[in-house]
Amino acid sequence: MCPNNRTAEPIYVILGSGGHTAEMCKINQALMQHDDLKQFQSVRYIVANSDNTSERQMRSALPALKDSDFIRVPRSRSVGQSWLTSIFTTLWALLWSCWLVWRDRPQLVLCNGPGTCVPYCYAAYLWRLLGRLPAHSKIVFVESYCRVETLSLSGRLLLPLVDMFVVHWPALATRYVQKPNLRYFGRIL
């Protein structure tokens with residue numbers, strides 16, 4: 001891996017609308033403070049094509065970002081969308097994510113709960129199983145700070161397959177203590 005090659009094995013950070021992006025901005029600001037992270041390849045921010053605020057929020061948090069750092073993608077499900085039609089939009093988002101993960105081969109998929117992240121985590125998991133992604137690639141899910149006692153729908157869907165599932169509250173850590181990939185570090189936001 002060559003650290004200056006922006007196309008080789010990027011880190012995918014999945015942004016979602018509202019509070020998800022606010023949390024991810026804080027996580028990214030904290031991560032970018034560490035000198036040892038400067039060795040990593042490019043960070044690509046995945047934003048739903050109907051999300052008008054996440055890119056603006058992330059640019060405000062990290063002003064050095066360029067247009068090429070963002071990838072606009074189909075949304076899995078919009079707020080208020082019927083469950084029936086969401087089947088088709090989710091399948092389209094999954095196909096899109098499979099192609100994008102195939103093309104870019106991200107070394108890390110980092111997300112915190114928006115529905116947009118689910119297809120990307122499944123795509124990364126699938127391509128790693130099939131050998132397209134390197135064995136060292138990781139999927140990390142940080143549950144939303146507001147989830148105190150129960151997991152989000154995205155969390156429930158992704159808990160079985162992510163490499164690390166981070167929760168903010170001891171009640172959640174205790175409830176899922178039997179899950180070997182679940183981590184509680186205390187308050188990280």
Side-chain angles (χ1 to χ4, degrees), residues 1-16 20-21 23-25 27-49 54-55 58 62 64-76 90-143 151-152 154-167 176 179-185 188:
M1 294 191 319
C2 46
N4 296 326
N5 184 349
R6 291 192 51 83
T7 60
E9 297 184 353
I11 294 172
Y12 274 5
V13 176
I14 316 292
L15 302 178
H20 291 295
T21 294
E23 289 178 10
M24 192 54 77
C25 286
I27 292 168
N28 271 261
Q29 285 174 317
L31 289 175
M32 296 304 163
Q33 299 296 320
H34 295 279
D35 287 333
D36 57 337
L37 289 180
K38 299 204 183 353
Q39 69 179 332
F40 287 114
Q41 317 301 335
S42 65
V43 177
R44 304 296 305 274
Y45 296 92
I46 308 295
V47 183
N49 53 16
S54 293
E55 183 175 342
M58 190 57 77
L62 300 170
L65 295 177
K66 300 179 286 301
D67 288 344
S68 61
D69 294 327
F70 293 90
I71 302 173
R72 292 270 177 187
V73 299
R75 186 183 289 269
S76 303
T90 300
L91 287 174
W92 174 242
L94 181 60
L95 287 172
W96 183 269
S97 63
C98 283
W99 172 79
L100 204 57
V101 170
W102 172 270
R103 182 192 75 181
D104 291 349
R105 300 179 67 205
Q107 62 182 318
L108 171 66
V109 175
L110 176 63
C111 57
N112 67 331
T116 305
C117 77
V118 174
Y120 286 86
C121 293
Y122 274 93
Y125 182 77
L126 171 74
W127 290 132
R128 189 171 56 191
L129 279 178
L130 296 175
R132 174 64 182 168
L133 288 185
H136 69 269
S137 64
K138 300 294 180 206
I139 305 167
V140 176
F141 182 91
V142 181
E143 183 62 276
L151 297 179
S152 62
S154 296
R156 291 190 308 264
L157 291 170
L158 296 175
L159 180 59
L161 62 102
V162 298
D163 298 295
M164 183 183 296
F165 191 104
V166 180
V167 296
Y176 294 95
K179 301 293 184 182
N181 60 340
L182 190 126
R183 301 285 184 274
Y184 168 67
F185 300 109
I188 64 170

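All values derive from a computational prediction rather than experimental measurement.
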Between [X] and [Y], is any pair of side-chain heavy atoms under 4.5 Å apart?
{"X": "V101", "Y": "L126", "answer": "no"}
{"X": "I27", "Y": "L110", "answer": "yes"}
{"X": "D104", "Y": "I71", "answer": "yes"}
{"X": "M24", "Y": "M58", "answer": "yes"}
{"X": "Y120", "Y": "L100", "answer": "yes"}

Would you find a donor on one side and an acceptor on the other, under 3.5 Å apart, between the side chain of [X] and the backbone of [Y]?
{"X": "R156", "Y": "L151", "result": "yes"}
{"X": "E143", "Y": "S152", "result": "yes"}
{"X": "N181", "Y": "L159", "result": "yes"}
{"X": "R132", "Y": "L129", "result": "no"}
{"X": "R44", "Y": "V13", "result": "no"}
{"X": "N112", "Y": "V142", "result": "no"}
{"X": "H136", "Y": "Q107", "result": "no"}
{"X": "W127", "Y": "C98", "result": "yes"}
{"X": "D163", "Y": "V140", "result": "no"}
{"X": "Y122", "Y": "S97", "result": "no"}

Worked check of side chain to side chain contact (heavy atoms under 4.5 Å, CB included) between T116 and H20: CA-CA 11 Å; T116 305; H20 291 295; over 6 Å; no
Using every non-hydrogen atom in the two residues, find where [X] and [Y] come nearest and quote the distance to one decimal.
{"X": "C121", "Y": "L158", "result": "CB-CD2, 3.5 Å"}
{"X": "L161", "Y": "R128", "result": "O-NH2, 4.3 Å"}
{"X": "A93", "Y": "P74", "result": "CB-O, 3.9 Å"}
{"X": "V109", "Y": "A124", "result": "CG2-CB, 3.9 Å"}
{"X": "S154", "Y": "V118", "result": "OG-CG2, 3.6 Å"}

task: Flag the pair W96 / W99 as yes when their ring centroid distance falls below 6.0 Å, and as no otherwise.
output: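 Under 6.0 Å, so yes.
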Gap between atom CG of L133 and atom CD of E9 - 0.5 Å precision: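 So the gap between those two atoms works out to 8.5 Å.
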field: Inter-residue atom distance I11.CD1 - L108.CG, 0.5 Å rounding
entry: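 Those atoms lie 5.5 Å apart.
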Partner set under side chain to side chain donor-acceptor pair (under 3.5 Å) for Y45, not counting sequence neighbours: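 By the side chain to side chain donor-acceptor pair (under 3.5 Å) rule, Y45 matches N28.
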- prompt: Only one of Y176, F141, Y184 forms a ring-ring contact (aromatic ring centres under 6.0 Å, His included) with F165, so which one is it?
  reply: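 Result: among Y176, F141, Y184, F141 is the only option passing the ring-ring contact (aromatic ring centres under 6.0 Å, His included) with F165.
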